[in-house]
Amino acid sequence: MTRGVDLPNGGDRLEATWADPNGLYGWFTHVDHKSIGRRYLVTAFAFFLVGGVLAALMRLQLSRPDNTILGPDLYNQIFTTHGTTMMFLFAVPVMQGLGIYFVPLMVGARSIAFPRLVAFSYWMLLFGGVFLYASFLVGAGPDVGWFSYPPLAESLYTPSKRADVWAQLITFTEVGSLAVAVSLITTTLKLRAPGMTLNRIPIFVWAQLVTSFMVLFAMPAVMLASTALILDRLVGTHFFDVEHAGDALLWQHLFWFFGHPEVYIIFIPGTGIVSTIITTFSQRRMFGYLAVVLSLVSTAFMGFGLWVHHMFATGLPQLGESFFTAASIIIAIPTGTQVFCWIATMWSGRLSVRIPMLWILGFFTIFIAGGLTGVMLAAVPLNTQVHDTFFVVAHFHYVLIGGAVFPLFAAFYYWYPKITGRLLSERLGAWIFGLFFVGFNLTFFPMHILGLHGMPRRVYTYPASMGWGTLNLLASAGAALMACAVVLFVIDAVRELAADMAASPNPWNAGTLEWATSSPPPNSNFPRLPTVAGREPIWETPRDQPVIVGLRVDARDVLVTHVLDAEPDHRLLFPDPSIWPFLTAIAVTVLFIWSIFTPWGVVYGAVPVFVTMVGWFWPKSPNEGGTRLWPFAHRTLPRPHEAPAAGGAI
Amino acid sequence: MLSVCTVVFIAVLAALLVAVVRGTRRRSEEPSASPAERTITRYVGAAVGVTVVTLIALLAASVWTGRTVASLQASNAISIAITGHQWWWEIQYEDAIPSRRVLTANEIHIPINRPVVLKVTSRDVIHSFWVPNLQGKRDLIPGYTTALWMQASRAGAFRGQCAEFCGMQHAHMAFDVIVESDEEFAKWLDAMRQPGRDPLDPTGHKGRDVFMRARCGTCHSIRGSDAAAQAAPDLTHIASRSTLGAGSLPNTPDNLAAWIEDSQRVKPGNQMPPNPLAAEDLQALVAYLETLR
């Protein structure tokens, strides 16, 4: 119903208008959210693979007591780089990548808001990741943990550049994720299709919106902390320097004020995926939409109130401990509410268990186990016993792999047809799921027991006399199974790319708008912009559904709507492809890396950043084909050459 | 707590299973077979209610246990100051009379059934003091001194270790807690108060000369000798301890010799440099150290 073909003489023109340039040079200028979103997903998944290789190396080292395959120096670099990669280069970007690709489609928009900023974010992520691994390969990989506690991370105890590499990687990825958060919030609030009022926003989009707000409030804390750390190391300030009245605990408060919400920043988009997929495969509207959305919002608020449970072992006053215990336990209520709503949806729906649903069922078992060990960890007496042991390693892998990676694989299977136009193998998919599920439990379940037996985290070896060898060997064997599953998945995903495009626009008979366009979507997303009459727009199309007319086909015209009720407000011209976000990212990268070596790097490095920003925002005159001097907010009636004034039902 | 969580886990998974079975079965039936929306709302509401009540009960239990664990009413407590170093433990038994204080490293003796107050801090980076069988963790944070207490109800040796990542040799930062009867403990403490024994034979004298000549005293101390530095573990009664290098090796003469020669091989990155000594010097040094009980 929304194919470009039914647009008389305007369809091809519209496609050309929204096309990104071809060629090598053109490749660096892309601003299409689908192109950037694909890059985000592929890059983040590549970092997932690299981080997985590091994990496999750790399991190899720990498979036997007193093992000497990796020395302490290399092991410490590996576990730090593994954690940093999975948190900053995989989990957050991959979820944001899904948001970049699907939020505009799901709200029925032609583009993401601030497309050049999103392009810039991608380059920051890529350059940050390359910088981390280049440092790792020359032996300067960070080795003070992904939490980088001072004083260990101060120059007195880590005189090399390793802690600086970590701190600057944080800056890279945080700049990127903040920019994406801003874009996603604006897209959700201002670019929704007419009719998509607040209570019709798809839950996945709600999840991305809530997450983006959390990013806005959480990331500044860690940027502040890592900047203070760099200042300590580079110019001799004393934020965390105990000898000079600094405070070692200050870091922990700042870091965990970010670090705990970070868990929800990773997990909330996961729940959005779960809601989406359960709705589609139950073939009914989500049960308790309002309760689920409110759960997301309240989780986000509460997520900022329990950071201290990472610090129970530091010796806190009783009252403080009780407060944060209470907060950590109470946050299970909204999550529990969501679980019950999901179960109720399946219970009362017409459920078909396809591959994405398999991963969702896997998510249930694993995540609930992880959530319950989380409730156990909230209790101070238990916490001080198992804190910093393998019990905690098991717990957060259950929560993060269960709560984010399982939904993510579900999402890969669910949306792969939309992104590529091809379907993944069902038979192989079942094998991959089975291997991953068994491998996961084999790897991480024994770690609960190891932790209860007293095995601390982050040790590169352990004495044979402790009797931890067997369980560790079992965990290492499980890791091998997981690796097999991931390799099979990569093979299948790459192999299918060569197959014919067989996917229909809506292979799962889903209800959200990304399925209302072809697979893969055209450059303009929707040749004719959709309007929305219900929570699942495709399932709820009235006969007299209004259509949108009056957007230009020869310029990047975007419809901006009101925040609450998504009434059309005005048209806005969106920027063209540009090389400047790429050049700005290079300039910022130079500044960040230079500043590790001398504070003057910040001063001199700011000059190219300034120059590239000027290039980025340079206005074009209409004579040069530029359109940016058009008034930003203007309402005009459609002129005959712009778009067909088709009316009536779609 | 574990049992409550297990019950919840099983209950939720059972509900999930039923949902999957019913949901898939309904696919083949008439669409009208779905239960009324209001019925489901009632079930979900009840489930949320049960969750809230369970969580509040767990919270109350946790806070109450926390208070019990942390409170201490006892006047006969022993007080020990523990200072973390990269990568060993400095241990000082406090006493009102300075000469009765005892300084040692990596091995703590405590009497059975008597509360022990630990005052912990760190001299360099953050460490965490943990004896899994006796108490929960407490971080050793430079700039802060915090106190906790423990009490052992069973005699024996318990292994403790650092639980906060503290750099290169975090894995080899262990210690032993020896729980013994009051008499044994008093005897041990008394022995610890004595200065290092003077060598009795020529080998011992030679060993002590080697110790001084090789500048071991730059970092270590042996009370009663010229070596009085505090940067490394106190060696006044080194031979009485059961391990070397904070739990890296059992304390035997051969291991001691290997450790002195090149401890980097055993515990790479530790602060003690290799000591290339002539064979007979090394032998004499080990013989001397072995007399320091």
Side-chain angles (χ1 to χ4, degrees), chain A residues 71-73 76 145 149 151-152 157 242 247-249 282 287-288 313-315 318 321-322 325-326 329-330 332-333 336-337 339-341 343-344 346-353 361 364-365 368-369 372-373 375-376 378-382 384-385 387-389 454 456-462, chain B residues 1-2 5 8-9 12-13 15-16 18-20 22-24 26-27 31 34-35 37 40-41 43-44 47-48 51-52 55 58-59 61-63 65-67 69-70 86 124-126 128 130 132 136-139 141-144 146 148 161-171 268-269:
Chain A
D73 186 53
N76 293 347
Y149 277 3
L152 183 59
Y157 302 104
V242 182
D247 191 330
L249 267 183
S282 300
F287 174 84
T314 55
Q318 274 281 307
E321 285 184 348
S322 304
T325 296
I329 285 183
I330 297 307
I333 294 175
T337 307
V339 170
F340 299 135
C341 287
I343 292 181
M346 289 189 274
W347 190 298
S348 57
R350 295 193 303 282
L351 191 67
S352 56
V353 181
L361 295 178
F364 271 101
T365 24
I368 292 172
L372 288 171
T373 52
V375 172
M376 292 161 83
V380 176
L382 198 77
T384 56
Q385 189 57 252
H387 175 71
D388 272 330
T389 67
R457 292 169 75 177
R458 302 165 187 138
V459 290
Y460 73 98
T461 189
Y462 51 92
Chain B
M1 182 154 235
L2 180 65
C5 286
V8 172
F9 182 68
V12 176
L13 281 195
L16 177 70
V18 175
V20 170
R22 291 186 59 138
T24 28
R26 184 159 311 106
R27 230 173 101 232
S34 299
E37 212 67 356
I40 318 174
T41 312
Y43 281 127
V44 170
V48 173
T51 313
V52 172
L55 288 175
L58 285 179
L59 173 61
S62 155
V63 171
T65 317
R67 303 222 156 180
V69 168
Q86 277 181 327
D124 41 44
V125 306
I126 300 175
S128 192
W130 186 36
K137 289 171 201 70
R138 179 56 60 87
D139 289 352
I141 303 169
Y144 289 83
T146 59
L148 72 157
Q161 66 213 314
C162 178
E164 181 62 80
F165 180 66
C166 56
M168 188 95 146
Q169 278 300 340
H170 168 55

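Below, read A as the first sequence line, B as the second, and so on, with proteins coming before strands; counting in each chain starts at 1.
Listed here is the closest heavy atom pair of A:Gly454 and B:Gln161: O-NE2, 2.9 Å. Heavy-atom minimum distance, B:Gly167 versus A:Asn76: O-ND2, 3.6 Å. Shown here for A:Ala344 and B:Ile40, the closest heavy-atom pair between the two residues is CB-CG2, 3.3 Å. Here the closest heavy-atom approach between residue B:Arg67 and residue A:Ser322 is recorded as NH2-OG, 3.8 Å. Scanning both residues, B:Met168 and A:Pro72, for their nearest heavy atoms gives O-CB, 3.4 Å. Taking every heavy atom of both residues into account, A:Leu351 and B:Ala19 meet most closely at CD2-O, 4.5 Å.
If you measure heavy-atom distances from B:Glu164 to chain A, the contacts under 4.5 Å come from both the backbone and the side chain. Heavy-atom distances place both the backbone and the side chain of A:Val375 under 4.5 Å from chain B. Using a 4.5 Å cut-off between heavy atoms, B:Leu13 touches chain A through its side chain atoms alone. Neither the backbone nor the side chain of A:Ser282 comes within contact range of chain B, judged by heavy atoms closer than 4.5 Å. Within the 4.5 angstrom heavy-atom criterion, only side-chain atoms of A:Tyr157, from C-beta onward, approach chain B. Heavy atoms closer than 4.5 Å to chain A are found in the side chain of B:Ile141, but not in its backbone. Using a 4.5 Å cut-off between heavy atoms, A:Pro151 contacts chain B through both its backbone and its side chain. Only the side chain of B:Thr51 comes within contact range of chain A, with at least one heavy atom under 4.5 Å from a heavy atom of that chain. With a 4.5 angstrom heavy-atom cutoff, B:Tyr144 touches chain A only via side-chain atoms. Only the backbone of B:Cys166 comes within less than 4.5 Å of a heavy atom in chain A; its side chain stays farther off. Proximity to chain B involves both the backbone and the side chain of A:Val459, based on heavy atoms less than 4.5 angstrom apart.
Heavy-atom pairs under 4.5 Å with chain B peak, among A:Ile368, A:Ile333, A:Leu152, A:Val242, at A:Leu152. Ranked by heavy-atom pairs under 4.5 Å with chain A, the list B:Asp124, B:Leu58, B:Ile126 is led by B:Asp124. Residue with the most contacts toward chain A among B:Gly143, B:Ser128, B:Ala163, B:Ala61: B:Ala163 (heavy-atom pairs, distance under 4.5 Å). Considering only heavy-atom pairs separated by less than 4.5 Å from chain A, the leading option among B:Val63, B:Leu148, B:Val48, B:Val8 is B:Val48. Ranked by heavy-atom pairs shorter than 4.5 Å toward chain A, the options B:Thr146, B:Val12, B:Leu59 are led by B:Leu59.
Looking at heavy atoms from C-beta onward, B:His170 lies out of side-chain contact with A:Tyr460 at the 4.5 angstrom threshold. Counting only heavy atoms from C-beta outward, the side chains of B:Leu16 and A:Val339 never approach each other to under 4.5 Å. Within the 4.5 Å cutoff, side-chain heavy atoms of A:Phe287 are placed close to those of B:Thr41.
Only one option out of B:Val18, B:Val44, B:Val20 pairs with A:Trp347 in a side chain to side chain contact (heavy atoms under 4.5 Å, CB included); it is B:Val18.
Within 6.0 Å of OH on B:Tyr43 lie no more than 12 heavy atoms contributed by other residues, nucleotides or ligands.
With sequence neighbours excluded, the residues forming a side chain to side chain donor-acceptor pair (under 3.5 Å) with A:Asp388 are A:Arg458, listed by chain and number.
Note that the CG atom of A:Asp73 and the CD atom of B:Gln169 stand 10.5 Å from one another [nearest 0.5 Å].
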